[in-house]
Amino acid sequence: MPACVPTRTDSKRTQRIHRPHSPPPTPPHRFRIAGADVSAAIAVFLIALPLSLGIALATGAPLQAGLVAAAVGGIVAGRIGGSPLQVSGPAAGLTVVTADLIQRYGWRTTCAITVLAGLAQLGLGCLRVARTALAVSPAIVHGMLAGIGVTIAVAQLHIVLGGTPQSSVLANLRALPAQLAGLDPAAVAVSAMTLTLLLLWPRIPGRTGRLLRRVPAALIAVSGATAAAALAGLVLPKVDLPSWRSHALAGLPEGPALGLVAAVLTTTLVCSVQSLLGAVAVDKLIATRPGGPARVGRSDLDRELLGQGAANIVSGTLGGLPVAGVAVRSSANVQSGAASRNSTMLHGVLVVVAALLMVPILELIPLASLAALVMAVGIQMVSLHHIRTVTRHREALVYAVTTLGVVFLGVLEGVTLGIAVAVAVALHRLTRTRITHDEGEGVHHVHVRGQLTFLAVPRLSRALHHVPQGSHVVVELDGSFMDHAAYEALQDWQKTHTAQGGTVELTGRRVTTGTDPGAAEPGASSTDADTASAPHTTHPAPHLGSARAECQCRPWTPWRNHRCEVPRVAPAAAASGQHPGRHPDRQPGQHPNRHPDRHGDAPRPTEAGPTTDPSVLTPLGGTSAPAAPLGGRQLVHGITAFQRNTAPLIRGELARLAREGQRPTQLFLTCADSRLVTSMITSSGPGDLFVVRNVGNLVPPPGEESGDDSVAAAIEYAVDVLHVRSITVCGHSGCGAMQALLQSDPGQTQTPLRRWLRLGVPSLERMADDRRPWPRLAGRAAADAVEQLCLTNVVQQLEHLRAHESVARALRSGELELHGLYFHVGEAQAYLLQGQDEGVVFDHVGAVDLTA
C-alpha cells in the first residue's frame, strides 16, 4: 500500500491530492529576465535612441514619433512577432515613403495610413502568405534599399551643410551648388565630428579597443558631437521635443481614395518585405552564434507579419512612424548575446523611460549631428557587397533599374519597374535557345542549348530542314525542359527522317531508347530520376555504346563518381542478360557507365560470387579490381563537356586571372584522396586556393636530410611570394595512409610509399603519448584508431608547419593564421580545430550568414 495515499478525505474542503509516484506540482511561474537579455537590451537601446530621432528628423515627422515607433516596435512587435530576436522600430528603408506621405497628406493622415497598413499586414498574416514575400528577387530588394539610401543621403546632406532639404532628389541636386556656396561652418564642423567618430570608433585597435567597442558607435558619435558643440558654444538648431500633451495622434484619412490605397499598399509592401527578409537574416546570425540554434527557435514568418501589423496599428494610433524590422538593431541584439524576446521588449521599455525622463538631455543634440548619422546610414544602404552579388548572378540590370526608379520616381514605382524588368529578364533567359547545325565525318550534329519551348520550334525546324535525307543525325538536347509543341515537332521530324532511311540519335542528360519504359513525357524536367530529355530513339540499343552516350552528367550535379544512374533494363534485355547500351566487355553486375580501373570502382559481386584477385591489391589496402582499358573516352568526354558547358561561364573570370595573375588568400594542404574536392568543400573558385596534395596530408619538418623539398617549396612560395593569409591542413575519414601507418611493419621493404609514410611516424608517437590528450570531435569520441590517428595527424602536421622559417616569421608578424580541418567523407561534414592546448576539439562548421 503506497505510503503517500491519504488515509482520510475531507468532503467539506477541496484538496489537491498528489498522486503516488508522480512528480511534485510545479510552483507558479515567475517572470525572470536573463542577464544576457538585460545587457543586450541596453546595447540596442543606446543604438535605437539616436537613430529613432534621426529618422524622424529625416521624414519631417514630429521627433516624438520616432520614439513612439521605437517603443511600440520593441514592446508590441517583440511580444507578438515570430522572430524573437529581431528588433523593430522606425527603419531607414521607410524614410522616403513616410516623408512623401507627410508632404502629400499631412501628419495625421500619414498616421492613419500606418494604421491601415497594419490592418493589411494582419490580413496577410492570417492568410499565411508570408513566404510569398521571399519570392521577390533579391536584386529588387537590394535595389530598393540602395535607392532609398541615395535619397536619404542626398536629402540629409543639406542639413549637414546647414540648410533645408527639398522635396525630391532632383530638387536637392539642383539646390546643392547654392547650398555649398552658403554653408554653415558650425553645422559642417559638428557633422564632420559625428562622421569621424562614427567611422573611427569601431576601428580602435588592441585590447582597449575591444572594450570601448562595446559602446555603440552611433551613441559615441552623437554624444561627442553634442558635447563638443556645447563646450564650443556653437549656435545650432537642436532637437525640439514639444510637450507630450500637444503630440498629434492619428486622424481620419483625407485625400483621393486611389492615392490613399496606393500609399497603404506601398507602406505594407516595404514594411512587410523588409521585416520578413530581416527575420531570415536574423535566423542566419543566430545559427552562427555558439549554442544559438539550440536556445532560440527559427522565425515563424506568418506570426512575424502579424506582430508587425499589430505594431503598426498601435504606432499609427499613438502618432508614431511606421514600424519594420531594423537590421542594425537586430544584429546588435544577436551579437550582444540575447537569449529571448525579453531583450527586445525591455529595449522598448527603456525607450519609453528615456522619452519621459530624458527630454532635457535629448534637446541638447544638434540636428546636424543627427542628420550626419542618418546620412551615414543611407550611404551604407548602397552596399558594394550586394552590387558584386547581383553582378555575379547577372541581375545588375534589375538592380540598376530598381535603384534609379526609386530615386527619381518613388518607391512603389521603382519596385514595379524592377519587377517588370526581372520578369522580362527571366522570360528572355527562358526563350534564349541556341540551335546550331554542323557536319563532321558524315554525321550531322544538331545542338540545342537552352530550354526547348514553342518559341524555339521555328528555329529547330529550320535547322532540321537542312539535314539531308537518309543521313545519320545526332541531336544533342542540352536543356532541362521541353514543352509539348517542341516534343511533337521533334518527334514528327524524327519519324519522317527515319522513314526516309536515315538514323537519329537523341542525347541529353539521360539517354533513352525505344525500349525504355521510362521515356520522357513532353513538358517534364530531364533532371527527374525517372524521366528523360528527349523522345524515344529508334536505333538499336547497342548503338548507344559510344563515348558520347556513356556519360551525360553535367558538372557539379548529383553524381556517383560522376556517373549516371543505372537506366532501367528493358524486358527483352533483362531476359537475355544484356543491358541497353552495355559495352561488350562490361562485366555482369557492373554499373553501365562505371569503369573498373577507376579508383574505388571495383565491380560489384554477382551471383557467381565476389571477384577476388590478390595480384591487384593496393599497398594501402584498397579494393581489388580487374584491369580494363579506359581508352581515353572518359577523359575526352569530360573535357568536351567542360568546353561546351562550363568554359563559356567562367571564361571571363579566367581571362581576368590570366591578366592579373593568381592572388590566393589560402594555402590548402590536404590528402590526395580522390573523394576530397577542395573547391567543393570550401565553396571556392578559380584563383581562391593554392592547393598542395599528397598522400596523408603530411608536412615534412625542415632540415631533414631525407625530407621532401617539394612541400617545403610550396609553403615558402605561398607565404613569401603569394602572401597567403592562412594555411589549412585538412585530414579526412578513412585515410588509407593512416591505415598503412597503423599496420606498418619495420621489416617491410622500403618502397617510395613506405619512405614517404615515415613522415607520419611523429603522429603515431603523439597518439601513443599518454601525457597528451587525444584530439576529439565535438560531441563524440573517435570511431576507431584510424579516425583517432587522422585527427592526431592534423595537429602534428600543424606543429611541423610552425617549424618552417617562412611560416614562423609570418606568424610572429601576425600576417598568417593556421587552421586544422577534418572532413568526414560519409557525413559530408567539416570539423574545424578549436584549440591547440589542453582539450583539442574539432567542432562542427555550421551555417554562416550569406548576406554578411
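Quick note: numbers below take in every heavy atom, side chains included, and nothing from hydrogens, waters or symmetry partners. What you see is a predicted model, and the numbers here were worked out from it, not measured in a lab.
- The number of heavy atoms from other shown groups lying within 6.0 Å of CZ (R298) does not exceed 12.
- For the atom pair CG of L157 and CD of Q179, the computed distance is 8.0 Å after rounding to the nearest 0.5 Å.
- For the residue pair T114 and N312, the shortest heavy atom distance occurs at CG2-O, 3.5 Å.
- For residues 415-429, every residue pair satisfying the salt bridge (charged side-chain N to carboxylate O under 4.0 Å, His left out) rule, not counting sequence neighbours, is listed here: E395-R429.
- One N or O on the side chain of T59 and one on the backbone of A56 form a donor-acceptor pair closer than 3.5 Å.
- One distance of note links OG1 of T151 with CD of Q156; it measures 11.0 Å at 0.5 Å rounding.
- With contacts defined as side-chain heavy-atom distances shorter than 4.5 Å, the pair S275/L305 does not qualify.
- In this model, a donor atom of one side chain and an acceptor atom of the other lie less than 3.5 Å apart for Q308 and S88.
- One finds the CG atom of D37 at 11.0 Å from the CD1 atom of I42 (value rounded to the nearest 0.5 Å).
- No donor-acceptor pair closer than 3.5 Å links the side chain of R128 to the backbone N or O of D302.
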Criterion side chain to side chain contact (heavy atoms under 4.5 Å, CB included) on V188 and V160, from CA distance to verdict: CA-CA 6 Å; V188 172; V160 166; 5.6 Å; no
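- Atom CG of L357 sits in a crowded spot, with more than 12 heavy atoms from other residues, nucleotides or ligands closer than 6.0 Å.
- Counting heavy atoms from C-beta on, the side chains of C126 and L306 come closer than 4.5 Å.
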Evaluation steps, side chain to side chain contact (heavy atoms under 4.5 Å, CB included), between N172 and L176: CA-CA 6 Å; N172 282 319; L176 193 57; over 6 Å; no
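- Counting heavy atoms from C-beta on, the side chains of L51 and R329 come closer than 4.5 Å.
- Counting all heavy atoms, side chain and backbone alike, V239 lies closest to L370 at CG2-CD1, 3.6 Å.
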Step-by-step side chain to side chain contact (heavy atoms under 4.5 Å, CB included) determination, V141 to T402: CA-CA 8 Å; V141 177; T402 306; over 6 Å; no
Could you pull out every donor-acceptor pair under 3.5 Å between side chains of residues 193-201 and any protein atom, sequence neighbours left out?
unit_1	atom_1	unit_2	atom_2	d
T194	OG1	V190	O	2.9
T194	OG1	S369	OG	3.0
T196	OG1	A192	O	2.7
W201	NE1	L212	O	3.2
W201	NE1	V215	O	3.0

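- Within the 3.5 Å criterion, the main-chain N or O of G143 finds a donor-acceptor partner in the side chain of T403.
- At distances below 3.5 Å, at least one donor-acceptor pair connects side-chain atoms of N333 with backbone N or O atoms of L85.
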Worked verdict on V273 versus L269 for side chain to side chain contact (heavy atoms under 4.5 Å, CB included): CA-CA 6 Å; V273 172; L269 172 67; 3.7 Å; yes
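- Taking all atoms of both residues into account, the shortest heavy-atom contact from P50 to I47 is CD-O, 3.4 Å.
- In L211, the CG atom is crowded: over 12 heavy atoms of neighbouring residues, nucleotides or ligands sit closer than 6.0 Å.
- Taking OG of S191 as the reference point, atom CD1 of I159 lies at 9.5 Å (rounded to 0.5 Å).
- Contact annotation: the side chain of R79 never approaches that of I75 to less than 4.5 Å [non-hydrogen atoms, C-beta and beyond].
- In this structure, T109 OG1 and L260 CG are separated by 7.5 Å, a value rounded to the nearest 0.5 Å.
- Taking 4.5 Å as the limit, some side-chain heavy atom of I365 sits within range of a side-chain heavy atom of L362.
- In the displayed structure, E254 atom CD is contacted under 6.0 Å by at most 12 heavy atoms of other residues, nucleotides or ligands.
- Of all heavy-atom pairs spanning V351 and A70, the tightest one is CG1-CB, 4.0 Å.
- At least one donor-acceptor pair under 3.5 Å links the side chain of R341 to the backbone N or O of G81.
- With a 4.5 Å cut-off on side-chain heavy atoms, L57 and L367 count as touching.
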Run the side-chain donor-acceptor check on residues 372-382: report pairs under 3.5 Å with partners two or more places apart or on a different chain.
none

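- Using a 4.5 Å heavy-atom cutoff, the side chains of L321 and L94 are not in contact.
- Closest of all the heavy-atom pairs between G278 and Q86 is C-OE1, 3.1 Å.
- At distances below 3.5 Å, not a single donor-acceptor pair connects side-chain atoms of S343 with backbone N or O atoms of A41.
- Screening residues 100-126 for salt bridge (charged side-chain N to carboxylate O under 4.0 Å, His left out), with sequence neighbours left out, gives D100-R104.
- The side-chain contact (heavy atoms from CB on, under 4.5 Å) check on V72 picks up V68, V76, A311, V314, S315, L318, with sequence neighbours excluded.
- Among pairs with a residue in residues 137-186, those fulfilling ring-ring contact (aromatic ring centres under 6.0 Å, His included) read H142-H386, at least two apart in sequence or across chains.
- Closest approach of Y105 and P256 over heavy atoms only: CE2-CD, 4.2 Å.
- Judged purely by distance below 3.5 Å, without hydrogens or angles, the side chains of S299 and S83 pair a donor atom with an acceptor atom.
- In this structure, CE in M358 is found 10.0 Å from CG in L350, a value given to the nearest 0.5 Å.
- Side-chain contact check for V415 versus I140: some heavy-atom pair is nearer than 4.5 Å.
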